Amino acid sequence: MKNLGFLFAANLAIWGGIVFYVFTLMKRHRDLRRDLDLLKETLNKESSK
Amino acid sequence: MSSAEETDEQEIAEKSDEGPGLLLWLTAAGGIGMLAAVFIFVPTERTEGIVQRIMYFHVPCAWVAFFAFFIVFICSILFLWRREREWDIYAHASAEVGMLFCSLVLITGPIWAKPIWGIWWTWDPRLTLTLVLWLIYAAYLMLRLQTGEGSTRAKYSAIIGIVGALDIPLIHFSVLWWGSQHPSPKIITSEGIGTGIDNSMGITLLVSLGAFTLIYFLLVSLRVNIEKMKDEIDRLKKQRLYSH
């Protein structure tokens, strides 16, 4: 099992990198969803006045 | 708000909420299959030992990065030709995902090189050109972050996207043209397809390539959704501004 640490490090970098990117995408999606809902609500209120 | 606009808005909201569905399940299945192939199915390589298994991640990362930048190249040409926002969105999404995988190539390469070559990095043509590719698309994404008129920014980004992709064939052929410490192609060689690699290793590599390609499509679809939501927000903001 020589060099097992290198294999572990490579896997950590790949899966850590992909998971981190997915989390940033999910956060951006959640924030935009909230903004979109808020904006729609405001527009609806304004149009009903 | 007109009924047509409301329908568009609902479609975007529904699409962004329903998630990737089938693609997500296919990617998960591909990922499990890949891990089983890499850690259970394929035997340990005789000369390099267990560290050689990095190849089943490093090579697919390189493939996805090149494929992503090739998509940027195609979408950028289509954007400059037709001036449709849709192509700009796909180019941007693909460039961002391509940068992720290009970064992973530049990280996993040295991790594999250290135990095999005895060094983390060398200014070899293939390695250097891959770093140049990373820098070109880093510039592309930095330009995207700049504020300013959308279509001008998209136009300059498209030019960088096209020029950057010209580095990809140079990277591929660098090992053949200039010699390199980096191994030469093993799948497609001058003697045919798959002749330079053992069957079980070839199958495992193909499974990994498939799984990483699915991850690419999943990430791009998520990124495209985000960009479309941003456009929708901008549209509604403008609509609100004009209604006052």
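Throughout, a chain's letter reflects where its sequence line sits, starting with A, and its residues are numbered from 1. All values below were derived from every heavy atom in this structure, side-chain atoms included, with hydrogens, water molecules and symmetry-related copies excluded. Everything numeric in this text was worked out from a predicted model, so none of it was measured.
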Colleague: Write down the atom of A:G17, the atom of B:L100, and the distance for their closest heavy-atom approach.
Modeller: O-CD1, 3.8 Å
Colleague: When rounded to the nearest 0.5 angstrom, what is the spacing between CD in A:E46 and CD in B:Q239?
Modeller: 10.0 Å
Colleague: Rounded at 0.5 Å granularity, tell me how far CD1 in B:I111 sits from CZ in A:F8.
Modeller: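 One finds 11.0 Å between CD1 of B:I111 and CZ of A:F8.
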Colleague: If I measure from the heavy atoms of chain A, does B:I116 come under 4.5 Å with its side chain, its backbone, both, or neither?
Modeller: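 Contact with chain A: none, neither part.
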Colleague: With a 4.5 angstrom heavy-atom cut-off, is it the side chain or the backbone of B:I226 that approaches chain A, or both, or neither?
Modeller: both
Colleague: Please indicate whether B:W87 has more than 12 foreign heavy atoms, meaning atoms of other residues, nucleotides or ligands, lying under 6.0 Å from its CH2.
Modeller: no
Colleague: Please give me the minimum heavy-atom distance between B:T108 and A:A10, naming the atom from each residue.
Modeller: CG2-O, 3.9 Å
Colleague: Measuring from B:K230:NZ to A:L36:CG, what's the distance to the nearest 0.5 Å?
Modeller: 13.5 Å
Colleague: How many angstroms lie between CE in B:M229 and CG in A:D31, if you round to the nearest 0.5 Å?
Modeller: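 Answer for the CE-CG pair, B:M229 versus A:D31, is 9.5 Å.
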Colleague: Would you say B:M99 and A:Y21 make side-chain contact, with heavy atoms under 4.5 Å?
Modeller: no
Colleague: Rounded to the nearest 0.5 Å, how far does OH of B:Y56 lie from CG of A:L7?
Modeller: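 With rounding to 0.5 Å, CG (A:L7) is 11.0 Å from OH (B:Y56).
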Colleague: Measure distances from B:L219 to the heavy atoms of chain A and classify the residue's part below 4.5 Å as side chain, backbone, both or neither.
Modeller: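 Contact with chain A involves both backbone and side-chain atoms of B:L219.
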Colleague: Which bit of B:F39 is near chain A, if near means a heavy-atom gap under 4.5 Å: side chain, backbone, both or neither?
Modeller: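 It is the side chain, since no backbone atom gets that close.
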Colleague: At a heavy-atom separation under 4.5 Å, does A:N11 approach chain B through its side chain, its backbone, both, or neither?
Modeller: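 It is the side chain, since no backbone atom gets that close.
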Colleague: Mind ranking A:D37, A:T42, A:I18 by heavy-atom pairs under 4.5 Å with chain B and telling me who comes out on top?
Modeller: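 The option with the most such pairs is A:I18.
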Colleague: Go through the steps for B:N225 and A:L25 under the test side-chain contact (heavy atoms from CB on, under 4.5 Å), then give the verdict.
Modeller: CA-CA 10 Å; B:N225 268 349; A:L25 288 182; over 6 Å; no
Colleague: In terms of ring plane angle, is the pair B:W120 and A:F6 parallel, tilted or perpendicular, where the classes change at 30° and 60°?
Modeller: tilted
Colleague: Rounded to the nearest 0.5 Å, what separation is found between the CG atom of A:L32 and the CD atom of B:E227?
Modeller: 9.0 Å
Colleague: At a 4.5 Å cut-off on heavy atoms, which part of A:L39 comes close to chain B: side chain, backbone, both, or neither?
Modeller: side chain
Colleague: Can you say whether B:I233 sits under 4.5 Å from chain A via the side chain, the backbone, both, or neither, judging by heavy atoms?
Modeller: both
